[in-house]
S.K.: 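Starting off with a structure, shown below.
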Amino acid sequence: AFTYTALLQGLCDAGMVHEAMAVFAWMRPDGCAPDQHVYSTMVHGLCGAGRTGEADALLTEAMGEGFVPNVVVYNALIDGYCSTGDLELAVGVFEGMQSKGCSPNVRTYTELICGFCKSGKVERAMVLYSQMVEAGVAPNVVTYTALIQGQCNMGHLEFVFRLLHLMEASGLVPNEWTFSVLIDALCKSGRIEEAQQFLESLVQKGIKVNQVVYTSMMDALCKAGKFDDAHTLMHKMVMEGFVPDTHLYSSHIYGLCREGKLSEAMLQLDDMIDNGIQANAVTYTILIDKLLREFGSDGPKQIFDRMIVAGIKPD
RNA sequence: AGACAAAGAGA
C-alpha cells in the first residue's frame, strides 16, 4: 500500500486521475487492500480534478464495505467541497465525521473557515473559529490568515488588526502569507499608501517579504497610474539582488504597457528571459493586447511568433 | 519510508 500511495499520488499530481482510478481498481485483485492513505490520496486526486461527487461516492461505497476513514480522508473531501463552493455539503461531511466518532483537527476547521471566508460568509467562519477554540483545537497561522483574508474581503480592515493582535497574543507569528493577504487587501481596497507604509515598516523590522507581496504592490501601483513608484519598486528590488518571478514581471510589464512605454515593456520581457524566468501566456497576452491596440491586427505578429517558438500555448 | 488546509499578474 506504500507503493500504491506513492504511485497514485504521482499519477494524480500529473493530472492522470483516470489512470489513477484504474490502478486503484487493480489494488484488490492484486491482493492489496486500500488503506486510509490510499483513500485520502484518491479523494484528493478526484477533488483536484473537480470530481468531488465521485470522491464522495467512492468513500460512501468503501464505508459500506466497512472502511473507516480517518481525519485526513475526511479533510480531503471537505476541502474538495470547499473549493467548489459546496459549503453545505462540506458541513455535512464535517457533521458526519463527528457522528462517527472522528474528531476534526486544525486543518478540518481551517478548510471550512477558508471556504466560508472565500464565499463572503465571514460570520460563519467566525462561528467555526469559536467552535474550534471551544473544542480545544488550537487555531494556527493558517487559520488566522484565512480569517484575516475573509475580513479583508468584507472590507472590515479594522477587525483585521484585532485578529492580528489576537494571533500574536496566542504566541503565533504572522508569516509571509499573512502579510501578503494583508497587503493585497489594502491594495485592492485602494489603500495603497497604507500598504506602502506597512510594507516599508516590515522591511525596516527586517521581516522578509516575498514575490507575492511585491506583485500585489506592483499591480496596485500600476493600476493606480503611479508608474514612477512602480518603477522605483522594481529598481529597488533588483538592486537588493531580488529576482522577480513571472507574476511580478508580468504586472510590471502591464504597467509599462498602460503607461504607453511599449519598448520598455519589450525590454522587460527580454530581461526576464535573460534572467531565466519563464514568460507565460499571461505575459504575452499583456503585450499582444497592447500591440493590437497600438498597431492593429498586424502589430502583435512578431511577439505572437515568439510565444509559439517559446512553446507557450495561447489560451 | 506514503495521504489533507491559507496569498499575487492578462483577455
S.K.: Going by side chain to side chain contact (heavy atoms under 4.5 Å, CB included), A/Leu182 matches just one of A/Val160, A/Leu202, A/Thr145, A/Leu199. Which one?
M.R.: A/Val160

S.K.: Would A/Phe94 and A/Tyr109 count as a close aromatic pair, with their ring centres under 6.0 Å?
M.R.: yes

S.K.: Please answer whether the main-chain N or O of A/Trp177 pairs with a side-chain N or O of A/Asn175 as donor and acceptor at a distance below 3.5 Å.
M.R.: yes

S.K.: Strictly below 4.0 Å, heavy-atom distances to any atom of RNA chain B: list the hits from residues 99-109 of chain A, or just say none.
M.R.: A/Arg107

S.K.: Measure the spacing between CZ of A/Arg258 and NZ of A/Lys290 and express it to the nearest 0.5 Å.
M.R.: 9.5 Å

S.K.: Donor-acceptor pairs are to be reported for all side-chain atoms of residues 209-222 of chain A against protein atoms at under 3.5 Å, with residues two or more places apart or in another chain.
M.R.:
unit_1, atom_1, unit_2, atom_2, d
A/Asn210, OD1, A/Val212, N, 3.2
A/Asn210, OD1, A/Val213, N, 3.4
A/Asn210, ND2, A/Glu176, OE1, 3.1
A/Gln211, OE1, A/Asp245, N, 3.2
A/Gln211, NE2, A/Val243, O, 2.7
A/Thr215, OG1, A/Gln211, O, 2.8
A/Ser216, OG, A/Asp184, OD1, 3.0
A/Ser216, OG, A/Val212, O, 3.2
A/Asp219, OD1, A/Lys223, NZ, 2.8
A/Asp219, OD2, A/Lys223, NZ, 3.3

S.K.: Tell me which pairs pass side-chain hydrogen bond (donor to acceptor under 3.5 Å, both in side chains) where either residue lies in residues 8-23 of chain A, with sequence neighbours left out.
M.R.: none

S.K.: Taking only heavy atoms on the protein side, list every residue of residues 56-64 of chain A lying under 4.0 Å from any atom of RNA chain B, sorted numerically.
M.R.: none

S.K.: Could you tell me which residues satisfy ring pair (Phe, Tyr, Trp, His ring centres under 6.0 Å) with A/Phe116, sequence neighbours excluded, listed by chain and number?
M.R.: none

S.K.: Identify whether any heavy atom of A/Thr145 sits under 4.0 Å from a base atom; if not, whether one sits that close to sugar-phosphate; answer base, sugar-phosphate or nothing.
M.R.: base

S.K.: Kindly write out the residues that satisfy side chain to side chain donor-acceptor pair (under 3.5 Å) with A/Gln196, not counting sequence neighbours, or none if the list is empty.
M.R.: A/Asp229

S.K.: Judged by atom type as modelled, is there a donor-acceptor pair below 3.5 Å linking the side chain of A/Thr143 to the main-chain atoms of A/Thr110?
M.R.: no

S.K.: Report the distance from atom NE2 of A/His235 to atom CG of A/Asp228, rounding to the nearest 0.5 Å.
M.R.: 13.0 Å

S.K.: Quick one, A/Tyr249 and A/Leu269 - any side-chain contact, counting heavy atoms below 4.5 Å?
M.R.: no

S.K.: Where along residues 212-232 of chain A does a heavy atom come under 4.0 Å from RNA chain B, residue by residue in number order?
M.R.: A/Val212, A/Thr215, A/Ser216, A/Asp219, A/Lys223

S.K.: Could you identify which residues of residues 165-195 of chain A place a heavy atom less than 4.0 Å from some atom of RNA chain B, listed by residue number, or say none?
M.R.: A/Asn175, A/Trp177, A/Ser180, A/Val181, A/Asp184, A/Lys188

S.K.: How long is the span from the CE atom in A/Met307 to the CG atom in A/Leu287, to the nearest 0.5 Å?
M.R.: 10.5 Å

S.K.: Check RNA chain B against residues 112-141 of chain A and give the residues with a non-hydrogen atom under 4.0 Å, in numerical order.
M.R.: A/Cys114, A/Lys118, A/Asn140

S.K.: Measure the spacing between OG of A/Ser103 and OH of A/Tyr74 and express it to the nearest 0.5 Å.
M.R.: 11.5 Å

S.K.: Between the side chain of A/Gln36 and the main-chain N/O of A/Val68, is any donor-acceptor distance below 3.5 Å?
M.R.: yes

S.K.: For the CG atom of A/Leu87 and the CG atom of A/Leu112, what is their distance to the nearest 0.5 Å?
M.R.: 8.0 Å

S.K.: Base, sugar-phosphate alone, or nothing: which one does A/Thr285 contact when heavy atoms must sit under 4.0 Å apart?
M.R.: base

S.K.: Taking only residues two or more places apart in sequence or in another chain, which ones pass ring pair (Phe, Tyr, Trp, His ring centres under 6.0 Å) with A/Tyr254?
M.R.: none

S.K.: A/Gln149: which residues meet the side chain to side chain donor-acceptor pair (under 3.5 Å) condition with it, sequence neighbours left out?
M.R.: none

S.K.: Counting N and O atoms only, with roles assigned by atom type, does the side chain of A/His165 sit under 3.5 Å from a partner on the main chain of A/Phe161, one being a donor and the other an acceptor?
M.R.: yes

S.K.: Of all nucleotides in RNA chain B that come within under 4.0 Å of a heavy atom of chain A, which is furthest toward the 5' end and which toward the 3' end?
M.R.: B/A1 to B/G10

S.K.: Does A/Phe2 reach a base, just sugar-phosphate, or nothing at all? Heavy atoms under 4.0 Å.
M.R.: base

